[in-house]
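Below, each value reflects all heavy atoms present in this structure, side chains not excepted, and no hydrogens, waters or symmetry copies. No experiment lies behind these values; they were computed from the predicted model shown. We count ligands from 1, going down the list as the structure has it; atoms in each ligand are counted the same way.
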Amino acid sequence: MKIETNKSLLELNTFGVPCTASSFVSISNLEQLRSALQYSNAQQKNLLILGGGSNVLLPSQFDGLVLSNDLKGIRKFHEDREHVWVECMGGENWDDLVRFSVSNKWGGLENLSLIPGSVGAAPMQNIGAYGIELCDSFDYLLAMEIKTGALRVFDKQDCEFGYRESVFKRALKGQYVIVSIVVRLAKKPKLVLSYGAIKAKLAEKKLQPSVAAVREVVVEIRRAKLPDPASIGNCGSFFKNVLVSTKVLERIKKDYPEVPSYPQDDPTKVKIPTGWLVEKCGWKGKRVGNTGAYEKQALVLVNHGGATGEEVLELSEKIIASVKQKFDIAIEREVNVIL
Ligand code: EPU
């Protein structure tokens, strides 16, 4: 285990903001992970677990230990007539797991193609896109307790998954490192084509629906709408979509009859796309210094080059305040803010 000091994390976060970590360690097996946690506990240091760095807003200076999860490995380890069980280590790239599943024609993850980030970070926020969430294919995960180094299995119920939520963002925040996850995939996939753009793209490309075809169109839709972090720093959606009462929706409809909304299980609630609210407040494509809201998707904040985490946070505060002022709705960040 090699502890590096004053390590730049510029290349390790997709926002591309500068951050110097006072200590940094990359771990590639469980022994190293346990030793790194012991070291951090003994030094009473702040600890930040870094996966793909794609859902985190970093400060210019982080005083503490940054632990990069580089545990690798993907394997099928069990099957029955209908399903296969795939174990994937937390340091794998999420899209590599999707590609592995799709190349074997196993169904369940194809709608989650191209989501940036690591496998270990995926359950933290129950990643989701195009009508599917991780929890739909999730079976269980293995995590190491930071305080003791003990390993614990969490099944789906233990994870308390919700919309971009899990127990690891709430009651157990900062208490576990995710070592590996197990997903249960279908040998006879049931495709989810409820998101209109997927159906439309399949038709346009004259593709028969299959896991590979869904992956192909999801990749195309994402590339067209979302900025590639390799050219414009970003963390995908910066805010969560917002749950409001139908009364609030009716109030907004008086001025904006076209407001989009999604019904929920609870008939008194609807979800409104926060991107729409942010756009209506005039932020879409707007630039503030080196930061801004992306021109094709106002929910995505971007680094036009040279922005700091502090500047992005300031922009997000302005956006939150303007949505509050215009619509009297409190929107929430989705990205993990370390500042
Ligand atoms: N919209 C606007 N203006 C905008 C953006 C969106 O009016 O600038 C409205 C449009 O009506 C559009 C609707 O919002 O039809 C929905 O937009 P989109 O399909 O882009 O999806 P989203 O609700 O903004 C969510 C996820 C994305 C995921 C897409 C597709 C969250 C926070 N975001 O975005 O996830 O890819 O749905 O399923 O739930 C991410 O989490 O990082 C992410 C990119």
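Under a hydrophobic clustering in which Ile, Leu, Val, Met, Phe, Trp and Tyr are joined whenever their side-chain heavy atoms come within less than 4.5 Å, directly or via other members, Leu65 and Val179 fall into the same cluster.
Relative orientation of the Phe77 and Tyr140 rings is perpendicular, given thresholds of 30° and 60° on the angle between their planes.
Salt bridge annotation for Arg75-Glu87: present, with a cationic side-chain nitrogen under 4.0 angstrom from a carboxylate oxygen.
In this structure, the protein non-hydrogen atom closest to atom 34 (O) of ligand 1 is Leu299 CD2, 4.1 Å. The single protein non-hydrogen atom nearest to atom 1 (N) of ligand 1 is Trp276 N, 3.7 Å, given as residue, atom name and distance. Shortest contact from atom 35 (O) of ligand 1 to any protein heavy atom: Arg164 NH2, 3.0 Å. When hydrogens are left out, the protein atom nearest atom 39 (O) of ligand 1 is Tyr163 OH, 2.7 Å; that is the closest non-hydrogen contact. Protein heavy atom in closest approach to atom 16 (C) of ligand 1: Tyr262 OH, 3.2 Å.
Atom numbering of ligand 1 starts at 1 in the shown order; those under 4.0 Å from a heavy atom of Tyr195 are 18 (P), 19 (O). Counting atoms of ligand 1 from 1 in the listed order, those under 4.0 Å from a heavy atom of Ala298 are 4 (C), 8 (O). In the vicinity of Phe239, heavy-atom distances shorter than 4.0 Å reach the ligand 1 atoms 32 (C). Near Pro260, meaning under 4.0 Å from any of its heavy atoms, are these atoms of ligand 1: 11 (O).
Checking atom 20 (O) of ligand 1 against the protein gives a heavy-atom contact under 4.0 Å. Inside a 4.0 Å radius of atom 4 (C) of ligand 1 there is at least one protein heavy atom.
For atom 2 (C) of ligand 1, the candidate residues are Gln297, Lys271, Glu279, Lys225; the nearest heavy-atom contact is made by Glu279. The heavy atom nearest to atom 44 (C) of ligand 1, out of those in Ser261, Gly236, Ser237, is found in Ser237. Compare Ile198, Asn241, Ile127 by their heavy atoms: the one nearest to atom 23 (O) of ligand 1 is in Asn241.
Checking only distances, Tyr130 does come within under 3.5 Å of ligand 1, N or O to N or O.
For the residue pair Glu311 / Thr308, a side-chain donor-acceptor distance below 3.5 Å is found, with atom types taken as modelled.
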